[in-house]
Amino acid sequence: SLGGDGSVSLPQLRAVHRHYPELVLLHIDAHTDAYDLPGYNTSTTFTRAAEERLIDVSRSFHIGARGTLAMPGIYEHTRGLGYRLVLGDELRRRGVADVLSDVRSAIGTSPVYLCFDMDFIDPACAPGVATPTWGGPDAASALDLLHGLAALRFVALDVNTVSPSHDVGGMTACLAAQIVLVGLHLIALGRNTG
């Protein structure tokens with residue numbers, strides 16, 4: 001599915017969890033969206049998902065978080081919920097292959113919900129997002145990361161945070177469409193896994 005913001009993920013996780021109770025999350029984003037705040041908004045999507053036990057947090061990943069934070073303790077809270085957190089600088093330092101080896105080992109053949117937030121990609125390549133966060137990968141590196149996930153059993157995908165009013169020449173929308181295409185390919189490949 002496609003979302004204007006990350007709030008689309010929570011109701012979809014609820015629906016997918018009904019079919020796959022052993023669901024794990026792979027969240028690729030410049031932000032964890034697992035803040036310690038009350039209520040329901042884009043910052044609390046994965047806090048609520050953990051509280052509702054929609055996913056196996058011990059084998060779920062947030063990959064790519066970076067930038068300034070709106071409040072202290074966000075990364076600690078994310079880890080405290082049980083998530084595995086790979087910050088953007090760690091991804092660069094370790095390299096995609098090393099991080100993906102850990103991801104594949106932890107997730108195995110469990111069904112995977114992939115949430116891809118377009119602000120994971122550097123705003124030089126994807127300017128049309130609500131919270132541009134510098135220091136992310138370029139488009140080719142982001143697509144390489146996705147292709148490296150082909151061994152996993154993807155059962156659902158959402159691509160979110162495309163903001164047309166901030167987009168330049170439709171760059172972000174076109175790249176999001178390419179990510180959806182790769183995601184659909186991953187889901188098709190996942191039918192033969194597990």
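What you are looking at is a predicted structure, and each value in this text was computed from that prediction instead of being measured.
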*Quick one: hydrophobic cluster around Val168, which other residues, with the 4.5 Å side-chain cut-off, linked directly or via members?*
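When side chains under 4.5 Å apart are linked, the cluster holding Val168 also contains Met171.
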Sub-3.5 Å donor-acceptor pair from the side chain of [X] to the main-chain atoms of [Y], do we have one?
| X | Y | result |
| --- | --- | --- |
| Asp122 | Pro137 | no |
| Glu90 | Val86 | no |
| Thr161 | Val129 | no |
| Ser163 | Ala130 | no |
| Tyr40 | Leu10 | no |
| Asp29 | Thr32 | no |
| Arg84 | Ser58 | yes |
| Asp5 | Thr42 | no |
| Asp33 | Thr45 | no |

Heavy-atom check, side chain of [X] versus side chain of [Y], under 4.5 Å:
| X | Y | result |
| --- | --- | --- |
| Phe46 | Thr78 | no |
| Thr47 | His77 | yes |
| Val112 | Phe61 | no |
| Pro127 | Thr172 | yes |
| Ile55 | Leu13 | yes |
| Asp144 | Val96 | no |
| Leu54 | Tyr113 | no |

At their closest point, which heavy atom of [X] faces which heavy atom of [Y], and how far apart are they?
| X | Y | result |
| --- | --- | --- |
| Cys125 | Leu175 | O-CD2, 4.1 Å |
| Gly135 | Arg66 | C-NE, 3.5 Å |
| Cys115 | Asn160 | SG-ND2, 3.4 Å |
| Val57 | Ala50 | CG1-CB, 3.7 Å |
| Trp134 | Ala124 | CZ3-N, 3.7 Å |
| Ala156 | Val16 | CB-CG2, 3.8 Å |

Linked, directly or transitively: [X] and [Y] (ILVMFWY side chains, under 4.5 Å):
| X | Y | value |
| --- | --- | --- |
| Leu85 | Leu81 | no |
| Leu149 | Leu91 | yes |
| Ile28 | Val155 | no |
| Leu152 | Val159 | yes |
| Tyr83 | Leu114 | no |

Nearest 0.5 angstrom please: [X] [atom1] to [Y] [atom2], how far?
| X | Y | atom1 | atom2 | answer |
| --- | --- | --- | --- | --- |
| Phe154 | Leu186 | CZ | CG | 5.0 Å |
| Leu157 | Leu2 | CG | CG | 8.0 Å |
| Leu87 | Arg92 | CG | CZ | 10.0 Å |
| Phe120 | His62 | CZ | NE2 | 14.0 Å |
| Thr68 | His31 | OG1 | NE2 | 7.0 Å |
| Thr44 | Tyr35 | OG1 | OH | 11.0 Å |

*Go through His185 and Leu189 one step at a time and tell me if the side chain to side chain contact (heavy atoms under 4.5 Å, CB included) criterion holds.*
CA-CA 6 Å; His185 185 234; Leu189 291 173; 3.5 Å; yes
*Of all residues at least two apart in sequence or in a different chain, which pass the salt bridge (Lys or Arg N to Asp or Glu O under 4.0 Å) check with Glu22?*
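Counting only residues at least two positions away or on another chain, Glu22 forms no salt bridge (Lys or Arg N to Asp or Glu O under 4.0 Å).
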*Can you sort out the partners of Arg48 under salt bridge (Lys or Arg N to Asp or Glu O under 4.0 Å), two or more places apart, ordered by chain and number?*
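In terms of salt bridge (Lys or Arg N to Asp or Glu O under 4.0 Å), with neighbours along the sequence ignored, Arg48 is linked to Glu51.
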_If the condition is side chain to side chain donor-acceptor pair (under 3.5 Å), which residues does Glu52 pass it with, not counting sequence neighbours?_
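Glu52 satisfies side chain to side chain donor-acceptor pair (under 3.5 Å) with Arg14 once adjacent residues are dropped.
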*Name all residues meeting the side chain to side chain donor-acceptor pair (under 3.5 Å) criterion together with Ser9; count only those two or more places apart in sequence or in a different chain, and write none if there are none.*
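If we apply the side chain to side chain donor-acceptor pair (under 3.5 Å) test to Ser9, skipping adjacent residues, the hits are Asp158.
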Return a table of donor-acceptor pairs under 3.5 angstrom between the side chains of residues 100-107 and protein atoms on other chains or two or more places apart.
residue: Asp102; atom: OD2; partner: Arg94; partner atom: NH2; Å: 2.5
residue: Arg104; atom: NH1; partner: Gly148; partner atom: O; Å: 2.9

*Any chance CZ of Arg93 has more than 12 other-residue heavy atoms, nucleotides or ligands included, within less than 6.0 Å?*
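Yes, enclosed.
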*For His147, look at atom NE2 and say whether over 12 heavy atoms of other residues, nucleotides or ligands are found less than 6.0 Å away.*
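Buried by this count: over 12 neighbours within 6.0 Å.
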